[in-house]
Amino acid sequence: MKNFKNKEELSAHIGVLKANGSTIGFVPTMGALHQGHLSLVNSGLLENDLVVVSIFVNPTQFDNKEDLVKYPRTLEADMSLLSTVNSDRIIVYAPSADDIYGDHIASETFTFEGLEHEMEGAFRKGHFDGVGTIVKRLLEIVAPHRAYFGEKDFQQLQIIRKLVELHHIPVEIIGCPIHRAADGLAMSSRNARLSLDHRIAAPFIYETLKAAKVKFGTKSATTVTEWVNSQFKNQPLLELEYFIIADIATLKPVKRKSTKKSYRAFIATYAGDIRLIDNIALN
Ligand code: PAF
């Protein structure tokens, strides 16, 4: 498994591979890798000759300094997990902040046709400017044929599709299904920081999403939203930040259901000081 820390060396290496006809998949990550990441890597390996995995905890996308400080950094464990996959076809890029940002760690400002103002954008100020900045830079450095993102961060996925469209970046963006633990909790690097009690309580999030999906078949979005809010009132270990049923194209909350549109339910909760998000397709 080749491992790069320097963007010029990585780009030069990828340039040679592409000149020799190899196709390149890309899985950007912030490390603390788990089976969800491996499923993205495996999708990349099925469709490309080589897969670049970046491991970089991007400071500009954290609105909460404490979350950035406490974000798990487990490079050695990440490398050994990746080496269990098809490691001669994986290239790791684990840069320092300096390699990405030089001496000016700051976001560019983006607009994504309003997608950035909904849900995570409303609750995490500046988050999508940080995500846009790092993903655009990484796509320029790696210049892959295809890039893989999990649907757990569905709003991020839609925003990256918009980023690529608006900035004419020649890459195919591929959304991959949410990978879940056996009890339904969506895989996330933050799960490792849950206390035992919070970890036991957390599958309630997906159970509620599944029940909301059933209710949405016959009830209005408002009724379903009120029901979800009432369910969380009985859950002392999980504090609901938002539950929103939104049109997947605009990410705006549903006012009146239409059979012509596709909807998802999105949820953000706190389990202690750990923020967990999840979502489910409704139709
Ligand atoms: O989804 C993530 O892990 C991050 O937002 C990403 C896409 C790697 C950018 O830092």
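Sequential numbering from 1 along the given sequence is applied to the chain's residues. None of these values were measured; they are calculated from a predicted model. Numbering of ligands and ligand atoms starts at 1, following listing order. Every heavy atom of this structure was used, including side-chain atoms; hydrogens, water molecules and symmetry mates were not.
- Ring centers of F128 and F112: at least 6.0 Å apart, outside the cut-off.
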Next on the checklist: For a side-chain contact (heavy atoms from CB on, under 4.5 Å) check, start with the C-alpha distance between S262 and N283, then their side-chain angles and the critical distance, and finish with the verdict.
Outcome noted: CA-CA 6 Å; S262 297; N283 61 341; 4.1 Å; yes
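- By the 3.5 Å distance cut-off applied to N or O atoms, Q156 is counted among the residues near ligand 1.
- Per-residue contacts place I134 under 4.0 angstrom from the following atoms of ligand 1 (heavy atoms of the residue considered): 9 (C), 10 (O).
- Proximity annotation for atom 6 (C) of ligand 1: of H127, Q61, R137, H37, Q61 comes nearest, heavy atoms only.
- Distance check, rounded to the nearest 0.5 Å: CZ of F243 to CG of L209 gives 6.5 Å.
- Look at E120 and R275 and you find a salt bridge, because one of the NZ, NE, NH1 or NH2 atoms lies within 4.0 Å of a carboxylate O, short of that distance.
- Ring centers of F266 and Y242: at least 6.0 Å apart, outside the cut-off.
- Nearest protein heavy-atom neighbour of atom 3 (O) of ligand 1: M30 CG, 3.8 Å.
- With a heavy-atom cut-off of 4.0 Å, T29 touches ligand 1 through its backbone alone.
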